[in-house]
Amino acid sequence: MSNMENDNKSTVIDWSKKVDEAFQHLIDTYLASPHRKKVDIITQAFNFARQAHKGVKRLSGEPYIMHPIAVAQIVCEEVGLGSTSICSALLHDVVEDTDYTVEDIENLFGTKVAQIVDGLTKISGGIFGEQASAQAENFKKLLLTMSDDIRVILIKICDRLHNMRTLQSQPANKQYKIAGETLYIYAPLANRFGLNKIKTELEDLSFRYEHPETYNAIQTKLATTQQKRDKLFKDFTDPIRAELDKMGIKYQIKARIKSPYSIWNKMQNKHVTFDEIYDILAVRIIFTPKNDDPKEEITDCFSIYVAINQIYKSHPDRLRDWVNHPKANGYQALHVTLMSKQGQWIEVQIRSNRMDEIAEQGFAAHWKYKDGAEIIEDEGELNDWLRTIKEILDDPQPDAMDFLDAIKLNLFASEIFVFTPKGEIKTMPAGCTALDFAFQIHTFLGSHCIGAKVNHKLVPLSHKLQSGDQVEILSSKSQHVQPSWINFVSTAKAKGKIQSILRRQNRETQKKGEEVLQEWLKRNQLEMTSSTLEKLCELHDIKKADSLLQSLGDKTVLLNEKDADELRGKNKQQKQARWKKFVPFINSGKKEEKAKDEERSQDLLIVGKDFNKKKPIFISEQTIDKYIFPPCCHPIPGDDTLGYIDNKGRIEIHKRACPVASKLKAGFGNRILDAKWNMHKQLFFDATIRIRGIDRQGLLLDLAEVVSDKLGINIRKIVISTDNGIFDGSIEIRIHDREEVNVIMEKLKAIEGLQEVSQIM
């Protein structure tokens, strides 16, 4: 036997051993869980999947079976599900990737496992297909499967988590697509299910692949400030431990460090630096209740709160009672913010062992399954959420991305608590209006709503509700849905219902308009043809035939003799004579504009069939004119960027953090490219820096001196306004790259009185 054969054999044996070890680890984890021990069926599922995927490898080079084992491990260890889910996770790719069918799975493993595997197969290959409409269809399938068996979506989240953990083997353009999709859909879904640990990891992994340099910089900062945080944690918790010991409470105290993604998000949203974020450290007190009575558990939470409140002063506006009013995803805890002896606000989260388990594992922590049976416990709030989604699915928006946004409105929303006139409590998304609340209660009430009384005061429909408000909806049968309502409602349900009613009303108006048009044409002995409709649209400056019919139906457009003459061609000569003297000017202007557009489009790169999407594109002084730079985010050299192939085959360049790019990554993943800068400080780019601080004499001189004299940067414009001693302004500058912007911002921060310095996107 040759050495090569020996090497190959040893590699196979090594992988085989690794597969066996991974499966044994799964079995050990399962046996340590409180679920009924069904090792035989799990082993049968593993052997079946191993045989089905035999010889197939992942991009990383490992046998494919390692992926289903890893997903099953997450399902068991990190979500806490039982044998049915573990078997389904082991088999989740069998139907899609091999010749086996759902019927084969059902014959061997029963109906429940087969249904879950079938649900997972329907939404496989990522949520999205090649085009936006297909994506919405797949997303609808995903949500519909949730209501059949919630485990489908939980296993899909675990599948995505493992894909994110092994994303390094994918090319960069795929990494951006998968990371964007994860942030857009999977992380908020995990959050909605209360899978806090998984949500945080999904966000951090997405951040790591989209902004590697920023991610590493934050990780380095966290490491260098670790010692300082450890001392703060010890000094802060020592008196708390002494007090809890005196009370005879069994407890553990943990430090909770803000995740890199959360830190970066705060830096972006609040325009602050890492050093200016004061809530990186939080403290978690997890206690064992004295008995199993839920009321006692709540009492214990408040006893601990009272005790620590005597050691440190609490922030009056930052008490969050999620104990009496759990979040929609089941989260329970008491949050209080205390002032440490070092003069720093620190958030303390107080929760029992049970609350902690639900916070980490979500609803799954208290689901009990009988083998092959339905979920025993009622999920309450979760079922309400699924019902809302089903209502949206009954009448989805025609546009795919609108549909995704409507769902996302509910996925991302944080909750407020609102009371009905009878004192019933309703959970609503933050930022919702009185009209949202009306639609939440009933579609009829929403569509006939004329106003509301909030805390017994009359308010308009657009009034934004606050937590604790008591709301009474006022309605009238003569009221009908108005198009303007869509501009201020925020919940998915209200938007969906308003659009549905408006579409129905529009169809009725268009039908009336069609009757009016038919009658007018008949009276003028004209025929209904597509050219007739086009001509009438042109005469009334209306773009679509539907809009013309709408206008005729609601009588905003009235047809007359002039329209009839135009259609017959009688006014043609007069029209020509009237416009003759303007024609040369119009034509020459249009020709010049057209020539410029043609010249510009000739320079642009057009992607052909042979274009390699896996390779990065390089933006240099020579190639920059070949790409489109849309106005949404103004990328400059040094920014993390990506390319997007538009419908005409041209390439747009966006910042990876741009909101438009987020949609494109989630919606058109197959068109995303890796874009890298290769600039040599030859070209200038515009950047705007926002400044804010305390006004003083000579401030403007200092600003100009720092930017122009010391750094030699060309200032294009400075705008500053002052109000009661506070100044607010912006500096527009010409720079070569991101590095120069960062240097300028650092220098500006050193100027006396400047409190906030940030870049405007």
Side-chain angles (χ1 to χ4, degrees), residues 131-133 136 395-403 405-406 447 479-489 494-594 596-598 601 630-632 646-648 660 663:
Q131 294 171 7
S133 57
D395 195 353
Q397 278 72 355
D399 181 80
M401 294 316 283
D402 280 357
F403 173 76
D405 285 343
S447 54
Q479 174 71 296
H480 296 290
V481 171
Q482 304 299 315
S484 60
W485 289 4
I486 205 79
N487 299 324
F488 58 79
V489 290
K495 272 188 188 289
K497 291 295 176 190
I498 291 167
Q499 284 173 334
S500 167
I501 293 163
L502 287 174
R503 280 199 298 277
R504 195 164 63 241
Q505 286 176 0
N506 287 349
R507 281 196 295 272
E508 287 167 9
T509 311
Q510 281 173 23
K511 205 173 175 186
K512 272 187 202 168
E514 197 174 339
E515 287 167 9
V516 168
L517 180 60
Q518 290 278 19
E519 198 180 308
W520 181 82
L521 290 169
K522 193 177 175 184
R523 207 166 51 240
N524 286 282
Q525 297 175 336
L526 293 163
E527 284 183 34
M528 169 77 92
T529 62
S530 56
S531 61
T532 302
L533 281 171
E534 279 173 25
K535 186 70 178 167
L536 286 169
C537 285
E538 193 185 321
L539 289 169
H540 293 276
D541 200 21
I542 292 171
K543 287 178 183 175
K544 290 181 183 175
D546 283 354
S547 305
L548 175 69
L549 296 175
Q550 179 84 17
S551 301
L552 291 170
D554 59 23
K555 296 182 181 174
T556 52
V557 166
L558 298 171
L559 298 175
N560 53 37
E561 282 301 313
K562 279 184 183 176
D563 294 308
D565 288 345
E566 288 284 357
L567 290 175
R568 294 190 192 104
K570 282 187 181 177
N571 289 353
K572 201 171 182 182
Q573 288 176 337
Q574 290 175 356
K575 194 175 179 182
Q576 276 183 341
R578 199 184 313 138
W579 284 97
K580 199 172 180 182
K581 60 180 177 178
F582 297 108
V583 168
F585 301 102
I586 293 166
N587 284 350
S588 64
K590 280 189 177 175
K591 274 179 187 172
E592 272 179 42
E593 209 174 295
K594 198 175 179 185
K596 278 182 187 174
D597 285 347
E598 280 175 8
S601 61
C632 49
D646 70 10
N647 293 333
K648 294 179 181 176
V660 173
K663 266 194 177 188

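The nearest pair of heavy atoms linking L567 to K535 is CD2-CG, 3.5 Å. Between N506 and Q550 the shortest heavy-atom distance is OD1-NE2, 3.0 Å. When every heavy atom of V557 is checked against every heavy atom of L552, the shortest pair comes out as O-CD2, 3.5 Å. In terms of heavy-atom proximity, N524 sits nearest to E561 at OD1-OE2, 3.8 Å. Nearest heavy atom pair, residue W485 against residue Q479, reads CZ2-NE2, 3.8 Å. In terms of heavy-atom proximity, A545 sits nearest to L533 at CB-CD1, 4.3 Å.
Counting heavy atoms from C-beta on, the side chains of L536 and I542 never come closer than 4.5 Å. Counting heavy atoms from C-beta on, the side chains of Q499 and R503 come closer than 4.5 Å. Counting heavy atoms from C-beta outward, E534 and T529 have side chains that stay 4.5 Å or more apart. P630 has its side chain out of reach of V660: every pair of non-hydrogen atoms, C-beta onward, lies at least 4.5 Å apart. With a 4.5 Å cut-off on side-chain heavy atoms, E527 and T532 do not count as touching.
If you take SG on C537 and CG on L549, they are separated by 8.0 Å, rounding to the nearest 0.5 Å. The structure places NZ of K562 at 9.5 Å from CG of D565, a figure rounded to the nearest 0.5 Å. Distance check: L539 CG to E566 CD gives 5.0 Å after rounding to the nearest 0.5 Å. The CZ atom of R523 lies 9.0 Å from the CG atom of L559; values are rounded to the nearest 0.5 Å. We find the OG-CD distance between S500 and Q505 to be 10.0 Å, quoted to the nearest 0.5 Å.
A distance-only check finds a donor-acceptor pair linking the side chain of S551 to the backbone of S547 [under 3.5 Å].
Only one option out of N560, L558, D563 pairs with W520 in a side chain to side chain contact (heavy atoms under 4.5 Å, CB included); it is D563.
Sequence neighbours left out, not one pair with a member in residues 545-559 passes salt bridge (charged side-chain N to carboxylate O under 4.0 Å, His left out).
Other residues, nucleotides and ligands contribute over 12 non-hydrogen atoms within 6.0 Å of the CD atom of Q482.
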